[in-house]
Engineer: 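Dumping the structure here so I can ask a few things about it.
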Amino acid sequence: MSRKLRATAIAGVLALAVSGCGGVGGGDDDAGGTAAKGTLSTMGFGLSDEIASTRVDAFKRDHPGVDLKITEGAFDEQQFLSAVASGNPPDLVYMDRKLIGTYATRGSIQPLTDCVSKQKIDMAQYRPAARNQVTLDGTVYAIPEFSSVRVLYLNESLLRQAGLTVDDVNVADWAGLPALNAKLANVSGGRLTRIGIDPKIPEFLPMWAKANGVDMISQDGRTARLDDPKVVEALTTGLKLVQDQGGFGKFKSFRDTFDFFGAQNPLVKNQIVAWPMEEWFLNQAAKNSPKAELVVKPFVDRQGNPLTMSAGQAWVITKGAKNPDAACAFVKQMTATDTWLAAAKARADARKAAGQPFTGVWTGNAEADKKIFDELYQPTGNKRFDDAVATIRSVQDVAFAMPASPAGAEFDKAWYDAVNRVLAGQAQPAEALARAQQEATAALDKAAK
């Protein structure tokens, strides 16, 4: 490690030691407070890698008086709601940001106004898309962690076999996508052996709709727009791409065999040519298939402007939390700039030791990302991956997120169910989305009351 990086890391540790205490109802060290104490319990989080463990270790080091109990495993809604109803919930829950509005409206989680104020958490450091997704009616209910954005992945080897270049893949030209898909996909005798273009629906329908000039829900999260003709057109476009590749049953069955996390990923096995996906796949590709002919481009709207959708997890403090002070200190430290820098360094060191390239860490903290890429990240020497990193960095600033909504979970269910009915051949896009509009509106109206 260079002297500059060593000095930065030491400064980070010192900064964490003096800034990571206090919380809801408590003061910080500058105000004469003391480090957090007592038992602190979490749900929905795990120590799966060095990014998680490094940050947790920093908190334990700076708050030795806290008995941290991490219950590993994915977020379970029924378990969470049952714990809140019983009056014995975990202090902290790690959940998808899109759920924040729903649980805030139900009163299952606490506003973080006091936490942000007393811990002096600078909300401006977090990316706007992430910050907006955890803020309902002007009140912050969660602290965002990672920022996952979507980009377009291309297998240049397969494009070359089809006599095409990466410039021939233009997702702004919706009318031309079916013909392009026909050139790229391999469907023989009703059997799909290579996906041409995967539109990634239902998951990415909001991004396709946004590319067509419409938000599926208003920015205040209270008015559904699922039956807008532009949403219908977006779904119809995605549906056509899937139908032309054997229909959703065969399409999904084939795609479900993909191992995105392994050395035999679909890029290596030439199972797919073009698809939008979260930025984390670049990390997996760099680790498992560094020689693959991967090209990463921005997803674009119909005018050709870069567009991406942000999503990610966030920390909430539950209603009835026994130790909100320690909970607030924990979320501050887990998402602080210096903590992220230390975690990214641990990842970079691990990759270097394994002889693998480090492609960065993407967080909800814009200041942390700037430090990571200005002070820690080094080009890999592989132009494909270096260009991909630059692309992902560029689209973070144009990201949108589905806004916090008082009925976010119900809204998501309405449009997901609609798309699945369409893919299953049970309804046409306009019909399915009209029904979803009614269901979503009813849920939003009920939440408003």
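Below, all heavy atoms of this structure are taken into account, side chains as well, without hydrogens, waters or symmetry copies. This one's a predicted model, so the numbers in the text were calculated from it and none came from an experiment.
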Engineer: Taking the six-membered ring for Trp, are Phe330 and Phe59 parallel (under 30°), tilted (30 to 60°) or perpendicular (over 60°)?
Structural biologist: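 The arrangement is perpendicular - the two ring planes meet at more than 60°.
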
Engineer: Verify side-chain hydrogen bond (donor to acceptor under 3.5 Å, both in side chains) between Tyr126 and Thr335, making sure each step is shown before the conclusion.
Structural biologist: CA-CA 9 Å; Tyr126 303 111; Thr335 62; 2.8 Å; yes

Engineer: Relative to the ring of Trp208, is the ring of Phe299 parallel (under 30°), tilted (30 to 60°) or perpendicular (over 60°)?
Structural biologist: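 It falls in the perpendicular class, over 60°.
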
Engineer: Please step through side-chain contact (heavy atoms from CB on, under 4.5 Å) for the pair Ile100 and Val316, ending with a clear verdict.
Structural biologist: CA-CA 8 Å; Ile100 303 302; Val316 302; 3.5 Å; yes

Engineer: Charged N to carboxylate O under 4.0 angstrom, Asp244 versus Lys240?
Structural biologist: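 Here Asp244 pairs with Lys240 in a salt bridge, since their nearest N and O are under 4.0 Å apart.
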
Engineer: Is a donor on one side and an acceptor on the other found under 3.5 Å between the side chain of Thr102 and the backbone of Ala409?
Structural biologist: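 Confirmed, Thr102 side chain pairs with Ala409 backbone.
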
Engineer: Flag the pair Arg222 and Asp137 as a salt bridge only when some basic side-chain nitrogen lies within less than 4.0 angstrom of an acidic carboxylate oxygen.
Structural biologist: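 Yes, Arg222 and Asp137 are salt-bridged.
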
Engineer: How far does CG of Asn270 sit from CD1 of Ile195, to the nearest 0.5 angstrom?
Structural biologist: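 CD1 of Ile195 is found 13.0 Å from CG of Asn270.
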
Engineer: As a quick check of understanding, evaluate side-chain hydrogen bond (donor to acceptor under 3.5 Å, both in side chains) for Gln264 and Asp259, giving each step before the final call.
Structural biologist: CA-CA 6 Å; Gln264 295 300 306; Asp259 177 17; over 6 Å; no

Engineer: For a quick test of reading the model, state the closest non-hydrogen atom pair linking Val231 to Ala209 and the distance between them.
Structural biologist: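 Closest pair (atom of Val231, atom of Ala209, distance): CG2-CB, 4.2 Å.
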
Engineer: Say whether, by atom type as modelled, one donor and one acceptor occur between the side chain of Asn288 and the main chain of Phe261 under 3.5 angstrom.
Structural biologist: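 Between the backbone of Phe261 and the side chain of Asn288 there is a qualifying donor-acceptor contact (under 3.5 Å).
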
Engineer: Can we call the ring centroids of Trp340 and Phe146 under 6.0 Å apart?
Structural biologist: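 Yes.
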
Engineer: Where is the tightest heavy-atom contact between Ser147 and Gln396, given as atom of each residue plus distance?
Structural biologist: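 Heavy-atom minimum between the residues: OG-OE1, 3.2 Å.
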
Engineer: For the CD atom of Glu431 and the CG atom of Asp227, what is their distance to the nearest 0.5 Å?
Structural biologist: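 Taking CD in Glu431 and CG in Asp227, the distance rounds to 13.5 Å.
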
Engineer: Is it true that atom CD of Gln161 has more than 12 heavy atoms of other residues, nucleotides or ligands lying nearer than 6.0 Å?
Structural biologist: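 Buried by this count: over 12 neighbours within 6.0 Å.
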
Engineer: Quick one: closest heavy-atom pair of Pro266 and Phe260, and the distance?
Structural biologist: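 Here Pro266 and Phe260 meet closest at CG-CE2, 3.4 Å.
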
Engineer: Looking only at atom types and distance, does a side-chain atom of Gln119 sit under 3.5 Å from a main-chain N or O of Cys328, one as donor and one as acceptor?
Structural biologist: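 A pair under 3.5 Å: no.
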
Engineer: Where is the tightest heavy-atom contact between Val169 and Lys297, given as atom of each residue plus distance?
Structural biologist: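 Scanning both residues, the minimum pair turns out to be O-NZ, 3.1 Å.
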
Engineer: Give the C-alpha distance, both sets of side-chain angles, the deciding distance and a yes or no for side-chain contact (heavy atoms from CB on, under 4.5 Å) between Val140 and Met123.
Structural biologist: CA-CA 9 Å; Val140 175; Met123 293 303 296; 3.9 Å; yes

Engineer: Listed by chain and number, what are the side chain to side chain donor-acceptor pair (under 3.5 Å) partners of Asp256, not counting sequence neighbours?
Structural biologist: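 Asp256 satisfies side chain to side chain donor-acceptor pair (under 3.5 Å) with Lys252 only.
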
Engineer: Could you tell me whether Glu145 and Arg97 have a side-chain N and a carboxylate O separated by less than 4.0 Å?
Structural biologist: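 Arg97 and Glu145: not salt-bridged.
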
Engineer: Is there a donor-acceptor pair under 3.5 Å between the side chain of Asn155 and the backbone N or O of Ser157?
Structural biologist: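 Checked: pair present.
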
Engineer: About how many Å separate CG of Leu282 and CG of Leu294, when rounded to the nearest 0.5 Å?
Structural biologist: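 These two atoms lie 6.5 Å from each other.
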
Engineer: Just verifying a value: how many Å separate Asn170 CG and Leu177 CG, rounded to the nearest 0.5 Å?
Structural biologist: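 CG of Leu177 is found 7.5 Å from CG of Asn170.
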
Engineer: Under 3.5 Å, which donor-acceptor pairs do the side chains of residues 415-428 form with other protein atoms, sequence neighbours left out?
Structural biologist:
| residue | atom | partner | partner atom | Å |
| --- | --- | --- | --- | --- |
| Trp415 | NE1 | Asp412 | OD1 | 3.1 |
| Asp417 | OD2 | Lys413 | NZ | 2.7 |
| Asn420 | ND2 | Tyr416 | O | 3.2 |

Engineer: Between Trp362 and Phe373, does a ring pair (Phe, Tyr, Trp, His ring centres under 6.0 Å) hold up when you go through it step by step?
Structural biologist: CA-CA 10 Å; Trp362 311 94; Phe373 286 97; 4.6 Å; yes

Engineer: Ring-plane angle category for Phe281 and Trp275, please: parallel below 30°, perpendicular beyond 60°, tilted otherwise.
Structural biologist: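 Ring orientation, 0 to 90° scale: perpendicular.
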
Engineer: Output yes when Arg393 and Glu279 qualify as a salt bridge under the 4.0 Å nitrogen-oxygen rule, no when they do not.
Structural biologist: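 Between Glu279 and Arg393 there is no salt bridge, as every charged N stays at least 4.0 Å from the carboxylate O atoms.
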
Engineer: Would you call Asp338 and Lys371 a salt bridge, using N to O less than 4.0 angstrom?
Structural biologist: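 Salt bridge: yes.
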
Engineer: Determine, using ring centers only, whether Phe80 and Tyr103 are less than 6.0 Å apart.
Structural biologist: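 So the answer is yes for these two rings.
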
Engineer: For the side chain of Asp96 and the backbone of Leu99, is there at least one donor-acceptor N/O pair under 3.5 Å apart?
Structural biologist: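 No, the answer is negative, given that no donor and acceptor are paired below the 3.5 Å cut-off.
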
Engineer: With a 3.5 Å distance limit and no angle check, can you tell me whether Arg150 reaches the backbone of Ser148 through a side-chain donor-acceptor pair?
Structural biologist: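 The answer is yes, because a donor-acceptor pair under 3.5 Å joins these two groups.
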
Engineer: With side-chain contact (heavy atoms from CB on, under 4.5 Å) as the criterion, how do Ser405 and Ile217 come out once you've worked through the C-alpha distance, each side chain's angles and the decisive distance to 0.1 Å?
Structural biologist: CA-CA 9 Å; Ser405 169; Ile217 190 169; 3.9 Å; yes

Engineer: For Glu439, is there an ion pair with Arg435 - N to carboxylate O distance below 4.0 angstrom?
Structural biologist: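 Glu439 and Arg435: salt-bridged.
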
Engineer: Cut-off 3.5 Å, side chains only: do Gln125 and Asn365 have a donor facing an acceptor?
Structural biologist: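 Asn365 and Gln125 do have a side-chain donor-acceptor pair below 3.5 Å.
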
Engineer: Would you find a donor on one side and an acceptor on the other, under 3.5 Å apart, between the side chain of Gln245 and the backbone of Gly196?
Structural biologist: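 Side chain of Gln245 to backbone of Gly196: a pair is present.
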
Engineer: Rounded to the nearest 0.5 Å, what separates atom NE2 in His63 from atom CD in Gln333?
Structural biologist: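 One finds 4.5 Å between NE2 of His63 and CD of Gln333.
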
Engineer: Any luck finding a side-chain donor-acceptor pair between Asp386 and Tyr377 under 3.5 Å?
Structural biologist: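 Asp386 vs Tyr377: donor-acceptor pair found between side chains.
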
Engineer: Under 3.5 Å, side chain of Ser218 to main-chain N/O of Thr223, donor-acceptor pair present?
Structural biologist: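 At least one qualifying donor-acceptor pair exists.
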
Engineer: Are the side chain of Arg127 and the backbone N or O of Ala366 linked by a donor-acceptor pair below 3.5 Å?
Structural biologist: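 Not confirmed, Arg127 side chain does not pair with Ala366 backbone.
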
Engineer: Of the non-hydrogen atoms in Gly221 and Leu444, which two are nearest, and what is the gap between them?
Structural biologist: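 Scanning both residues, the minimum pair turns out to be O-CD2, 3.4 Å.
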
Engineer: Mind checking whether Phe258 and Phe254 have parallel, tilted or perpendicular rings, split at 30° and 60°?
Structural biologist: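 Answer is perpendicular, since the angle exceeds 60°.
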
Engineer: Rounded to the nearest 0.5 Å, what separates atom CD in Gln313 from atom OH in Tyr94?
Structural biologist: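 Between atom CD of Gln313 and atom OH of Tyr94 there are 5.0 Å.
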
Engineer: Any donor and acceptor pair, going by atom type alone, linking the side chain of Ser117 with main-chain N or O of Thr113 inside 3.5 Å?
Structural biologist: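 No: the side chain of Ser117 does not pair with the backbone of Thr113.
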
Engineer: Using the side-chain contact (heavy atoms from CB on, under 4.5 Å) rule, take Phe251 and Asp198 through it: C-alpha gap first, then chi angles, then the decisive distance, then the call.
Structural biologist: CA-CA 9 Å; Phe251 184 91; Asp198 181 359; 3.5 Å; yes

